[in-house]
Each structure stands twice: as structure tokens, then as C-alpha cells.
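Shown next, in C-alpha cells, is the structure this report addresses.
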Amino acid sequence: MTTQTLPDGDSAGTFLGHPKGLFVLFFAEMWERFSYYGMRALLILYLTKHWLFSDSEAGVIYGAYTALVYITPVLGGYLADKYLGQRKAVLYGAVLLTFGHFLMGFEGDGGQGGAALNLFWLALAFIIVGSGFLKANISVIVGQLYPRTDTRRDPAYTIFYMGINLGAFLGSLLCGYIGETYGWSYGFGLAGFGMLLGLVVFGLGKNLLLGRGEPPKPLSKMAELGLYVVGLLTVVLCWWMVQNQSVVGVFLGVFGGLLVAYVIGTAVIKLPSEDRDRIFAAMFLILVSIVFWALFEQAGNSLSLFTDRQVDRNFFGWEMPASMFQSLNAAYIFLLAPVFAFLWTALGRKGMEPSAPFKFGLGVIQVGLGFLVLVWGAQSAGMDAAVPVVFIFLIYLLHTTGELCLSPVGLSAMNRLAPAHMASLIMGVWFFASATGNFAAGLISSAAGGEGLEGAEAGKELVLSVYTTVGWYAMGIGVLVLLVSPLIRKLMHLDTLTDGDPADDLLGQNEVGEPQGPGAHPATRH
């Protein structure tokens with residue numbers, strides 16, 4: 001953070017009552033999400049149909065990729081905070097992302113031989129690291145445009161996250177349609193073009209940011225170049241890791257275990273009793289979130305394959321590509337986020353708002369119920385018949401309502417429960433758990449792969465069997481969370497929480513974002 005006095009965020013002019021710089025960030029992030037979700041909508045289908053990986057192999061590759069997308073923001077956020085500054089980190093991330101998305105357009109002849117497959121792995125690596133530099137930092141600049149006590153801060157994040165979900169919706173819809181209808185390279189190319197637009201918007205809008213996000217202290221050209229080299233070396237590391245998915249799993253297990261042990265050890269040894277209890281409550285919520293994301297993230301993985309193969313997608317003679325259904329989550333968020341915000345506020349005024357642990361239980365129950373509804377619909381139609389498309393709409397609806405019970409609530413709870421000096425650490429554990437959930441999602445999808453089974457019906461039965469199992473497990477875990485929620489709420493000691501320095505609040509902590517995408521680096525409201 002620069003120590004010099006910066007001009008007021010409004011000094012470059014306002015639009016709709018907000019600094020113009022906000023809308024530079026809005027459009028840059030919208031196009032970045034367009035590219036990310038456009039590529040993501042096609043990825044599992046591309047792995048199985050073009051590169052001819054088995055369902056099991058593709059599921060684990062997808063899980064490792066999305067897990068790494070959650071891990072790299074730790075590096076991107078750290079380097080930006082300490083040395084590079086958020087603006088240059090975002091610009092560098094956008095360049096890496098643009099390059100990675102365009103590399104996705106080199107599809108070769110398919111199969112698993114030839115140089116084209118190595119280019120594909122390299123494309124994924126560039127996207128992973130680019131996401132780490134961009135998503136870790138762009139939301140931080142939003143908060144820097146406003147004074148600490150500015151009442152426009154929360155509405156600004158609402159506008160910003162509208163851009164996120166608009167990009168996710170349009171990317172899944174358009175890139176999915178183009179890619180499946182006209183060819184993979186066209187869909188990925190459109191995603192790359194979207195990222196290029198985001199890069200151009202951010203580059204041209206530099207002056208409207210009014211010096212926000214610059215390096216904390218002057219940086220020499222050699223030092224800056226060295227940081228960019230670190231990013232490229234990380235690309236090489238991710239290129240290797242995404243091909244060796246078991247390494248990702250070992251890393252998550254070992255590093256995650258050490259991280260949890262450190263947090264609990266610190267809580268037991270160094271914190272007073274109430275702060276220690278709050279850390280235990282936070283760790284409980286974090287563990288529950290892993291279960292949720294492991295099931296929620298089937299959307300871009302096994303659920304996409306199931307939609308492609310087993311669902312009647314015919315609308316008035318036109319068969320809707322399976323990848324386009326991934327736009328439903330963003331569409332439902334648009335429609336339902338205001339409803340949930342109003343609901344919690346109204347219940348809060350009456351003293352009836354559920355506690356954070358209770359909301360978590362509701363979220364896990366809904367994600368499990370979504371799978372059971374889909375299984376029921378498929379079995380009702382008959383194993384030899386296509387599943388009515390309404391059940392795909394229903395599973396996405398239940399998963400989104402579950403997300404709205406858990407994701408924004410979790411972000412807020414992590415900050416409320418962590419002492420100020422541990423806020424970033426606890427938020428880091430929260431997002432590391434999201435990475436673990438994404439990797440676990442790949443393992444679940446792999447278990448649903450039906451290779452070696454005779455006939456489409458046998459493959460369908462296996463997927464439905466896995467969905468039945470995880471659905472009931474989720475329902476059971478969710479009910480258990482509801483039952484113990486009074487105890488967890490007691491550990492939170494809400495009655496003795498006091499308002500601290502507003503600068504300790506995490507940016508965007510109360511907003512509804514898209515948890516699937518990266519954004520692991522929290523920043524305080526300076």
C-alpha cells in the first residue's frame with residue numbers, strides 16, 4: 001500500500017454516482033470471467049471428446065486444474081502486497097490469461113499424442129497462474145477507490161460482482177454454443193478474445209484508477225522483471241502438476257494438514273478462551289465447506305457429461321449444447337441473490353435469522369437434495385429413456401440456493417470469527433478448503449466414470465448410483481450440522497463480539513460472488 005496521499009476516487013469523474021475507475025474494473029473483470037467460464041464450460045467435454053481421456057481420467061484432470069486455480073492466488077496476492085502492487089499484478093495476470101486462452105485454440109488432431117497435447121497442458125498452466133495474479137488482486141483495487149467510511153463501498157461491490165456473474169453467464173452461454181456447434185478452437189478463441197478485451201479495457205483505464213494498486217515502495221526494473229520470471233517459473237511448475245494430478249492431491253493433503261495444525265496450535269497456545277473457541281467454530285465451518293464444494297463442483301465435471309449423454313435437451317427441434325447449461329448458476333444468482341439478502345435482513349430484524357452454522361447445514365442439505373431430485377427424475381423417466389431437462393434446471397436451482405446459504409455467509413463468518421491478526425490466515429484456510437473441495441470433486445467425478453461397462457444404461461446406472469450415495473451422505477451431514485449448530489453458535493461467542501477497526505474488515509466479505517472462480521487473497525479495507 002502506497003503511503004503517499006492519493007487523489008480522491010471521484011476526482012476523475014463519476015458514473016451512476018460511483019468513481020469511473022469502478023467501471024474499468026467492472027468491465028475488465030466481466031471479460032475475464034467471460035473467458036474463464038467460457039473455457040470451463042467446454043473443458044470436460046473437450047477432454048473426453050477431443051483428447052479422448054476416459055471419464056475417470058478427465059474428472060481428475062479437471063479437479064486438479066480447478067484446485068490449482070484456487071491455490072495460485074496465494075502467490076499472486078502475496079507478491080502484489082509485498083512488491084508488485086495490485087495494478088501491475090492484474091495486468092500481468094491478464095497477459096498470462098490471454099496467452100493461455102489463445103493457446104487453447106491449438107487443438108491438433110486429437111487423441112493423446114503429438115505436440116498439441118503439450119500445448120494444451122501449457123495453456124492450462126498459463127490460465128492457472130494468470131488467474132492467480134488477476135483474481136487475487138482486482139477486487140482489492142475496488143475498495144481502494146473509496147474512503148474507509150464511504151457508504152458507497154458495499155453497493156460498489158454489488159456492482160462489481162454483477163460484472164462477475166454477467167461474464168460467467170455470457171461466457172458459458174456463448175463460448176459453449178460456439179465451441180460445441182462450430183468447433184472447439186472457435187469456442188476457446190472466443191474466450192480468448194473476451195480476455196483480450198478485458199486486458200485492453202484495464203490497460204486503457206489506468207488513469208481512471210488514480211494511482212490505486214501501485215507498488216508499496218519503488219521497484220527497480222530488474223526486481224520487477226524478476227517477479228515476472230517467478231510467475232513464468234510457476235507456469236512451468238503448474239504445467240507439470242496438472243499432468244501429475246496425484247501430486248496435487250498429496251500437496252493439498254500435506255500442506256492442508258500442516259495449515260490446520262498450525263491454526264489450531266496457535267489457537268490453543270496463544271489465544272484467550274473465547275478467541276480459541278471462535279477459531280474452532282471457523283474450522284468446523286471450513287470442513288463443512290469442503291463437503292459442499294466437492295458436490296457443487298460436479299457442475300462443470302460429471303454433471304456436464306451426464307447432461308450431454310443422458311438428458312433430453314431438445315427445445316422445439318433444437319438440441320441445446322450441454323455446456324450452455326452451466327450458465328444456469330449465474331442466472332439463478334442474478335435472480336435470487338437479492339431475494340436472499342432481503343430474507344436474511346427481514347429475519348434479522350425480527351430476531352429470527354438462522355445462525356451461520358445453521359445456514360451451512362441448509363446449504364449442504366440443498367446440494368445433496370439436488371442430486372436426489374435428479375436421480376428421482378431419471379428413474380421416473382426410465383433407465384432406457386432420456387432424462388427430462390427440467391431436472392437439470394432443478395439441480396442447478398437447488399445447488400445455487402445452497403450456495404447462497406453458504407458462500408457469502410462463510411466469507412463473512414471467517415472475518416467475524418478470526419482475531420484481526422489472524423484474519424488473512426483464516427481466510428487463506430477457507431479458500432484452501434475450496435481448493436480441496438474442487439480436487440475431491442474430481443475424485444467423485446472419476447468414480448462416476450463408466451468405462452468398461454456394457455451399454456449406455458450401465459454407465460447411466462453407475463452415475464446415478466454415485467449421485468444417490470453422495471446425495472444421501474450430504475443430506476445426512478447437513479442434518480448433523482443443523483443438530484450441532486447450537487453448539488457451534490455457542491463457540492462463536494456472538495454476544496461478546498465487539499466492533500473493531502473498520503480497516504480490519506475484508507473487502508467484499510458480505511457480497512455474493514462466484515466461489516468457483518479464484519479469489520483467494522483477502523485484503524483489508526484500507
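Of the possible donor and acceptor atoms, none in the side chain of Q310 sits under 3.5 Å from a partner among the backbone N and O of A386. A donor-acceptor distance shorter than 3.5 angstrom exists from the side chain of N438 to the backbone of S434, with no hydrogens or angles considered. S289 places a side-chain N or O within donor-acceptor distance of the main-chain N or O of I286, the cut-off being under 3.5 Å. Not a single donor-acceptor pair under 3.5 Å links the side chain of R278 to the backbone N or O of L491. For the pair K460 (side chain) and A385 (backbone), a donor-acceptor distance under 3.5 Å is present. Checked by atom type and distance alone, the side chain of T66 pairs as donor or acceptor with a backbone atom of G63 at under 3.5 Å. Put simply, the side chain of S445 never gets that close to the backbone of A441: no donor and acceptor are under 3.5 Å apart. The backbone N or O of L362 sits less than 3.5 Å from a side-chain atom of Q366, completing a donor-acceptor pair. Side chain of E32 to backbone of L134: no donor-acceptor contact under 3.5 angstrom is found. In terms of modelled atom types and a separation under 3.5 Å, the side chain of Q245 and the main chain of V242 share a donor-acceptor contact.
Within 6.0 Å of atom OH in Y473, 12 or fewer heavy atoms from other residues, nucleotides or ligands are found, so the atom counts as exposed in its surroundings. Atom CZ of R276 has more than 12 neighbouring heavy atoms from other residues, nucleotides or ligands inside a 6.0 Å radius. Within a 6.0 Å radius of CE in M162, other residues, nucleotides and ligands contribute 12 heavy atoms or fewer.
The structure places CG of N301 at 9.5 Å from CD of Q326, a figure rounded to the nearest 0.5 Å. Between the CZ atom in F358 and the CG atom in L483 there is a gap of 9.0 Å [rounded to 0.5 Å]. In this structure, CD1 on I395 lies 12.5 Å from CZ on F325, to the nearest 0.5 angstrom. Here the straight-line distance linking atom CG of L303 with atom CG of L374 works out to 6.5 Å at 0.5 Å rounding. Here the CG atom belonging to N314 is positioned 6.5 Å from the CD atom belonging to E319, to the nearest 0.5 angstrom. The CZ atom of F26 sits 8.0 Å away from the CD1 atom of I159 when rounded to the nearest 0.5 Å.
At least one side-chain heavy atom of W240 sits under 4.5 Å from a side-chain heavy atom of V247. In this structure, the side chains of T307 and S323 stay at 4.5 Å or more apart for every pair of heavy atoms. V463 is not listed as a side-chain neighbour of L305, based on a closest heavy-atom distance of 4.5 Å or more. Residues V311 and F306 meet the side-chain proximity criterion, which asks for heavy atoms closer than 4.5 Å. Within the 4.5 Å cutoff, side-chain heavy atoms of F371 are placed close to those of Q298. Contact check for L406 versus W293: side-chain heavy atoms found under the 4.5 Å cut-off. L174 is listed as a side-chain neighbour of F34, based on a closest heavy-atom distance under 4.5 Å. Counting heavy atoms from C-beta outward, L397 and L336 have side chains that approach closer than 4.5 Å.
The nearest pair of heavy atoms linking A281 to M492 is CB-CG, 3.8 Å. Closest heavy-atom contact between F360 and V409: CE1-CG1, 4.1 Å. Nearest heavy-atom pair, V481 versus P357, reported as atom, atom and distance to 0.1 Å: CG1-O, 3.3 Å. Here the closest heavy-atom approach between residue V248 and residue A64 is recorded as CG2-CB, 4.1 Å. Shortest non-hydrogen contact noted between M414 and I426 is SD-CG2, 3.8 Å. Scanning all heavy atoms of the two residues, the minimum distance from I138 to E29 falls at CG2-OE1, 3.7 Å.
Aromatic pair H399/Y332: ring centres not closer than 6.0 Å. Aromatic ring centroids of Y182 and Y186 lie 6.0 Å or more apart. Annotation: F188 is in aromatic contact with Y46 [ring centroid separation under 6.0 Å]. Remark: aromatic rings of F169 and Y37 are distant, center separation not under 6.0 Å.
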Is there a side-chain contact (heavy atoms from CB on, under 4.5 Å) between V479 and M475? Walk through the geometry before answering.
CA-CA 6 Å; V479 170; M475 294 282 284; 5.5 Å; no
For K359 and W344: C-alpha separation, side-chain torsions, deciding distance, then whether side-chain contact (heavy atoms from CB on, under 4.5 Å) applies.
CA-CA 10 Å; K359 290 176 184 176; W344 300 142; 3.7 Å; yes
Please determine whether side-chain contact (heavy atoms from CB on, under 4.5 Å) holds for the pair T48 and R309, giving the CA-CA distance in whole Å, both sets of side-chain angles, and the decisive distance to 0.1 Å.
CA-CA 12 Å; T48 53; R309 297 167 183 171; 4.3 Å; yes
S302 vs Y467, test: side-chain hydrogen bond (donor to acceptor under 3.5 Å, both in side chains). Steps then yes/no.
CA-CA 10 Å; S302 67; Y467 283 0; 2.7 Å; yes
Where do M283 and V429 land on the side-chain contact (heavy atoms from CB on, under 4.5 Å) test, with the steps shown first?
CA-CA 9 Å; M283 298 307 292; V429 179; 4.2 Å; yes
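Between F391 and W376, the ring planes are perpendicular. Angles over 60° get that label, and only those under 30° would be called parallel. Between F296 and F292, the ring-plane angle classifies as parallel under the 30° and 60° cut-offs. Between F315 and F393, the ring planes are perpendicular. Angles over 60° get that label, and only those under 30° would be called parallel.
For the pair K49 and W184, the NZ or CZ position fails the cation-pi test of under 6.0 Å to the six-membered ring centre and within 45 degrees of the ring normal.
Between F340 and the options T401, I333, T400, a side chain to side chain contact (heavy atoms under 4.5 Å, CB included) holds for only T401.
A donor-acceptor contact closer than 3.5 angstrom is absent between the side chains of E403 and S407. Side chains of D277 and H493: a donor-acceptor N/O pair is present below 3.5 angstrom, by distance only.
Using a cut-off of 4.0 Å between Lys/Arg side-chain N and Asp/Glu carboxylate O, K490 and D495 are scored as not salt-bridged.
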